[in-house]
Amino acid sequence: MALSLEDSNLVWQKAKIALATPGTAAAPGGGSVATAAFKALKERLAGVGGNPTLQLVPIVASSIDDTGGQILADVACRLYGVFGRKQATGVDTFLNIIDDATDDTFAETVAKIVLPFMESGDEAFVIYPAGLAMTIGVVAKGYVDNDGATDAAAADTPNGFVIIGAA
């Protein structure tokens with residue numbers, strides 16, 4: 001998916017809605033810590049980050065379990081934030097954010113971010129205030145191990161989003 005950048009205010013509205021969307025009984029919404037962190041990122045980018053145009057791309061559990069993962073961007077870009085909320089299962093899952101434009105073939109060597117989700121309803125996020133360079137693209141993939149060897153089932157993987165901008 002090519003970049004489809006839009007005004008940052010629209011992206012932050014989408015992020016706020018996604019963070020507030022109910023998850024599970026254990027995690028009823030994007031916890032106050034995640035909400036505060038993304039608000040701080042918004043303020044930083046608006047204040048000293050040049051207020052770049054951005055894109056929020058949903059991470060969909062039923063797509064990151066696919067053989068090649070979910071393509072979030074197929075061009076070089078900057079990744080500012082990742083958020084995930086695990087579904088109501090107790091199966092360990094690792095969300096890999098991979099620097100690739102097509103699939104997870106080289107996940108072991110190009111995964112730039114690995115977020116573990118160990119308990120039902122877990123939430124995890126990572127923020128890069130200056131943006132993390134993704135030189136090829138962005139692919140999200142769920143695994144049941146941290147080395148990217150065994151694919152995770154859709155029911156065990158998180159839903160969430162990434163916020164990206166131009167390279």
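Numbering of residues begins at 1 and proceeds along the displayed sequence. On a predicted model such as this, the values are computed, not experimentally measured, just so you know.
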Requested in this report: Give a yes or no on whether Val126 and Ile164 share a hydrophobic cluster (residues Ile, Leu, Val, Met, Phe, Trp, Tyr; joining criterion: side-chain heavy atoms under 4.5 Å apart).
Outcome: yes
Query - Side-chain touch Ser8/Thr53, heavy atoms, less than 4.5 angstrom - result: no
Query raised in the report: With the threshold set at 4.0 Å, does a side-chain nitrogen-carboxylate oxygen contact exist between Lys141 and Asp151?
Result: yes
Requested in this report: Please examine the side chains of Leu95 and Val82, heavy atoms only from C-beta on, and report whether any two atoms are closer than 4.5 Å.
Outcome: yes
Requested in this report: Working to the nearest 0.5 Å, report the span between CD1 of Ile136 and CD1 of Ile98.
Outcome: 11.0 Å
Query raised in the report: Short question: side chain of Lys42, backbone of Val11 - any donor-acceptor pair under 3.5 Å?
Result: no
**Report entry** Heavy-atom side-chain contact between Ile97 and Leu79 under 4.5 Å
**Finding:** yes
Query raised in the report: For Thr135, does its backbone N or O pair with a side-chain atom of Asp99 as donor and acceptor, under 3.5 Å?
Result: yes
**Report entry** Exam field: side chain Asp156 to backbone Ala152, donor-acceptor pair closer than 3.5 Å
**Finding:** no
Query raised in the report: For the side chain of Arg85 and the backbone of Pro158, is there at least one donor-acceptor N/O pair under 3.5 Å apart?
Result: no
Requested in this report: Go through the steps to decide whether Tyr128 and Tyr80 satisfy the test ring pair (Phe, Tyr, Trp, His ring centres under 6.0 Å), and finish with yes or no.
Outcome: CA-CA 5 Å; Tyr128 293 90; Tyr80 292 97; 9.2 Å; no
Query - Check: Val139 main-chain N/O paired with Asp100 side-chain donor or acceptor under 3.5 Å - result: no
Report task. Spell out, as yes or no, whether a donor-acceptor pair under 3.5 Å connects the side chain of Gln87 to the backbone of Thr157. Result -> yes
Requested in this report: Please tell me if the side chains of Leu10 and Leu56 come closer than 4.5 Å, counting only heavy atoms from C-beta onward.
Outcome: no
Query raised in the report: Do Gln55 and Ile163 come close enough that some side-chain heavy atom pair is under 4.5 Å?
Result: no
Requested in this report: Check Asp92, Thr93, Asp65, Asp104 against Tyr143 for a side-chain hydrogen bond (donor to acceptor under 3.5 Å, both in side chains) and give me the one that passes.
Outcome: Asp104
Query raised in the report: Any donor and acceptor pair, going by atom type alone, linking the side chain of Gln70 with main-chain N or O of Pro58 inside 3.5 Å?
Result: yes
Report task. Evaluate the side-chain proximity of Phe83 to Ile59: yes if any heavy-atom separation is below 4.5 Å, no if none is. Result -> no
Query raised in the report: Do the rings of Trp12 and Phe38 sit parallel, tilted or perpendicular, given the 30° and 60° boundaries?
Result: tilted
**Report entry** Enclosure of Lys16 NZ (heavy-atom neighbours >12, cutoff 6.0 Å)
**Finding:** no
